Amino acid sequence: MDKKKRVVIALGGNALGNTLPEQMAAVKITAKAIVDLIEEGCEVVVAHGNGPQVGMVNNAMIALTHEDAQQPNTPLSVCVAMSQAYIGYDLQNALREELLNRGISDIPVATMITQVRVDEHDPAFDAPSKPIGKFVDAEQAKMMEEKYQYIMKEDSGRGYRRVVASPKPVEIIEIGTIRTMVESGDVVIACGGGGIPVIRQGNHLKGASAVIDKDFASCLMAKELDADYLIILTAVEQVALNFGKPDEKWLDNVSVEEANKYIEEGHFAPGSMLPKVQAAVDFAASKPGRTALITLLEKSRDAVQGKTGTKFHA
């Protein structure tokens, strides 16, 4: 790369694991891929999902209410904040260690606990669709619906998961601080889990019972930071048409117009690849020269160099 590029990375769940021990191991691999980009000369901002983690925190808080009748139920927005902090703790330590292992000692790493405003009238509140927590079988799902009043849905043939509202992000409350940190040379971890969902009530920000899609929040943050690249990391090296079918076709370079056509034709699964492609298209279309990439974590450096991944451009 000829000049320094500003990159927002949206980490998928596979970059973090599903349990605390898995996360501790996964972030070491994740850190290597991120530091690869830093060595390429990129300014890096990291966002991440929190589906399994926020579900785990929420379940733990519910268990606490059963042990202690005086303990009120913990709002989902607080669970998101908790997940941001402990994921950020692991990520920033792994990144710092990997930087030092490569002889880079002048790049601070910090996590910003980030609130993201949503519209209280967003129709998503009437149609919960965002999966959180672990996969369970049909019998466990029925029990959770009856006992906790959760809404449980089958997810991609892998079992059942709780679903909650997933409103679109409107405003990143701490964006000014994030921008200042990035411009001072920090590696910033922000908008974890899509951000803590809040609704504005005068000067007060009230937590909302929702989880914001991290790809949409990452797209908004990338636009607000005037990033050159939005890199959405997932479980496949490239985006495919007719995924998993005999006529499967992997995509290399895709224009905004082509991508919108594929979206209209229903090629991408809602709640899976669809929001990633929508976020990539939104960012690529937002300003000339902006590029979005979807690829595997370990292929992120190759993707920025144009060697792999699916590239979205205006």
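As the structure is a computational prediction, the values presented were derived from the model and not from experiment.
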Is any side-chain heavy atom of Ser166 closer than 4.5 Å to one of Val211? no
Residue pair Asp252, Lys311: steps toward the salt bridge (charged side-chain N to carboxylate O under 4.0 Å, His left out) verdict: CA-CA 6 Å; Asp252 297 314; Lys311 176 181 176 181; over 6 Å; no
Within 45° of the axis and under 6.0 Å from the centre of the six-membered ring of Phe216, does NZ or CZ of Lys168 qualify? yes
If you draw the axis of the six-membered ring of Phe135, does the NZ or CZ of Arg161 fall within 45° of it and under 6.0 Å from the ring centre? yes
Please name the pair of heavy atoms, one in Ala210 and one in Pro197, separated by the smallest distance, quoted to 0.1 Å. O-CG, 3.2 Å
Pairwise distance OG1(Thr19) to CE(Met24) - rounded to 0.5 angstrom: 11.0 Å
Lys/Arg-Asp/Glu bridge criterion (N-O < 4.0 Å) met for Glu98, Lys28: no
Around Lys223, counting heavy atoms of other residues, nucleotides and ligands shown, do more than 12 lie under 6.0 Å from its NZ? yes
Side chain to side chain contact (heavy atoms under 4.5 Å, CB included) evaluation trace for Leu230 with Cys219: CA-CA 7 Å; Leu230 170 63; Cys219 174; 4.0 Å; yes
Can you confirm whether Thr114 sits close enough to Ile196 that some side-chain heavy atom of one is under 4.5 Å from a side-chain heavy atom of the other? no
Could you check Val46 against Val188 for side chain to side chain contact (heavy atoms under 4.5 Å, CB included), going step by step and ending with a plain yes or no? CA-CA 6 Å; Val46 181; Val188 185; over 6 Å; no
Whether the side chain of Gln115 engages the backbone of Ile173 through a donor-acceptor N/O pair (distance < 3.5 Å, no angle test) should be reported. no
Leu274, Val163: one ILVMFWY side-chain cluster at the under-4.5 Å cut-off? no
Any heavy-atom pair between the side chains of Asp302 and Lys299 that's under 4.5 Å? yes
Side-chain (Glu146) to main-chain (Met143) donor-acceptor, under 3.5 angstrom: no
Between the main-chain N or O of Met181 and the side-chain N or O of Ser184, is there a donor-acceptor pair closer than 3.5 Å? yes
Looking only at heavy atoms, which two atoms of Ser218 and Val8 are closest? And how far apart? O-CG1, 3.9 Å
Residue pair Ile189, Leu95: steps toward the side chain to side chain contact (heavy atoms under 4.5 Å, CB included) verdict: CA-CA 10 Å; Ile189 301 159; Leu95 284 166; 4.2 Å; yes
Answer yes when Lys261 and Glu257 have at least one side-chain N-carboxylate O distance shorter than 4.0 Å, and no when they do not. no
Output every pair passing ring pair (Phe, Tyr, Trp, His ring centres under 6.0 Å) with a member in residues 281-314, not counting sequence neighbours, ordered by first then second residue. none
For the pair Asp119 (side chain) and His121 (backbone), establish whether a donor and an acceptor sit closer than 3.5 Å, ignoring hydrogens and angles. yes
Less than 3.5 Å apart, any donor N or O on the side chain of Glu120 or Gln201 sitting next to an acceptor on the other? no
Would you say Asn203 has more than 12 foreign heavy atoms packed within less than 6.0 Å of its CG? no
For the backbone of Asp137 and the side chain of Gln140, can you confirm whether one donor and one acceptor N or O come within less than 3.5 Å of each other? yes
Using the side-chain contact (heavy atoms from CB on, under 4.5 Å) rule, pick out the option among Val116, Val170, Val80 that qualifies with Ile212. Val116
Shared ILVMFWY cluster between Ile231 and Met221, side chains joined below 4.5 angstrom? no
Quiz question: by atom type and distance under 3.5 Å, do the side chains of Asn58 and Tyr150 form a donor-acceptor pair? yes
Can you name the closest pair of heavy atoms from Ser209 and Ala165 and give their distance? O-CB, 4.1 Å
To the nearest 0.5 Å, tell me how far Ile87 CD1 sits from His48 NE2. 4.5 Å
Please confirm whether the backbone N or O of Phe243 pairs with a side-chain atom of Glu248, one donor and one acceptor, at under 3.5 Å? no
Evaluate the side-chain proximity of Met82 to Met61: yes if any heavy-atom separation is below 4.5 Å, no if none is. yes
For residues Ile107 and Val44: do they belong to one hydrophobic cluster (side chain heavy atoms under 4.5 Å, members Ile, Leu, Val, Met, Phe, Trp, Tyr)? yes
Is Leu64 close to Thr74 at the side-chain level, that is, under 4.5 Å between some pair of heavy atoms? no
Should Val277 and Val239 count as side-chain neighbours, where that means a heavy-atom distance under 4.5 Å? yes
Over all heavy atoms of both residues, which pair between Gly185 and Pro108 is shortest? Give the atoms and the distance, please. O-CD, 4.0 Å
Taking Gln23 for the side chain and Ala26 for the main chain, is one N or O donor matched with an acceptor at less than 3.5 Å? no
Looking at every non-hydrogen atom in both residues, tell me the closest pair between Val118 and Ala208 and how far apart they are. CG2-CB, 4.4 Å
Closest approach of Ile113 to Ala81 (non-hydrogen atoms, all atoms of both residues): CD1-O, 4.5 Å
Can you confirm whether Gln53 sits close enough to Leu16 that some side-chain heavy atom of one is under 4.5 Å from a side-chain heavy atom of the other? yes
Please determine whether the number of non-hydrogen atoms from other residues, nucleotides or ligands lying under 6.0 Å from atom NZ of Lys276 exceeds 12. yes
Could you state the interatomic distance from CD (Glu174) to CE (Met112), rounded to the nearest 0.5 Å? 6.5 Å
If you measure from CE on Met273 to CD1 on Ile263, what distance do you get to the nearest 0.5 Å? 11.5 Å
Shared ILVMFWY cluster between Val187 and Leu91, side chains joined below 4.5 angstrom? yes
Hey, quick one: are Val54 and Tyr89 part of the same hydrophobic cluster, counting side-chain heavy atoms closer than 4.5 Å, chains of contacts allowed? no
Can you tell me how far CG of Leu37 sits from OG of Ser300, rounded to the nearest 0.5 angstrom? 4.5 Å
Indicate whether the side chain of Thr308 and that of Glu237 have a donor and an acceptor atom separated by less than 3.5 Å. yes
Please round to the nearest 0.5 Å and tell me the distance separating atom CD of Glu183 and atom CD of Glu43. 8.0 Å
Looking only at side-chain N and O atoms, does Thr310 offer a donor or acceptor that is under 3.5 Å from a partner on Gln238? no
Partner of Asp226 by salt bridge (charged side-chain N to carboxylate O under 4.0 Å, His left out), out of Arg179, Lys5, Arg6, Arg290: Arg290
For Lys32, is there any backbone N or O sitting under 3.5 Å from a side-chain donor or acceptor partner on Arg102? yes
Heavy-atom check, side chain of Asp228 versus side chain of Val7, under 4.5 Å: no
Could you please spell out the steps behind the side chain to side chain contact (heavy atoms under 4.5 Å, CB included) verdict for Leu293 and Ile232? CA-CA 6 Å; Leu293 298 164; Ile232 298 173; over 6 Å; no
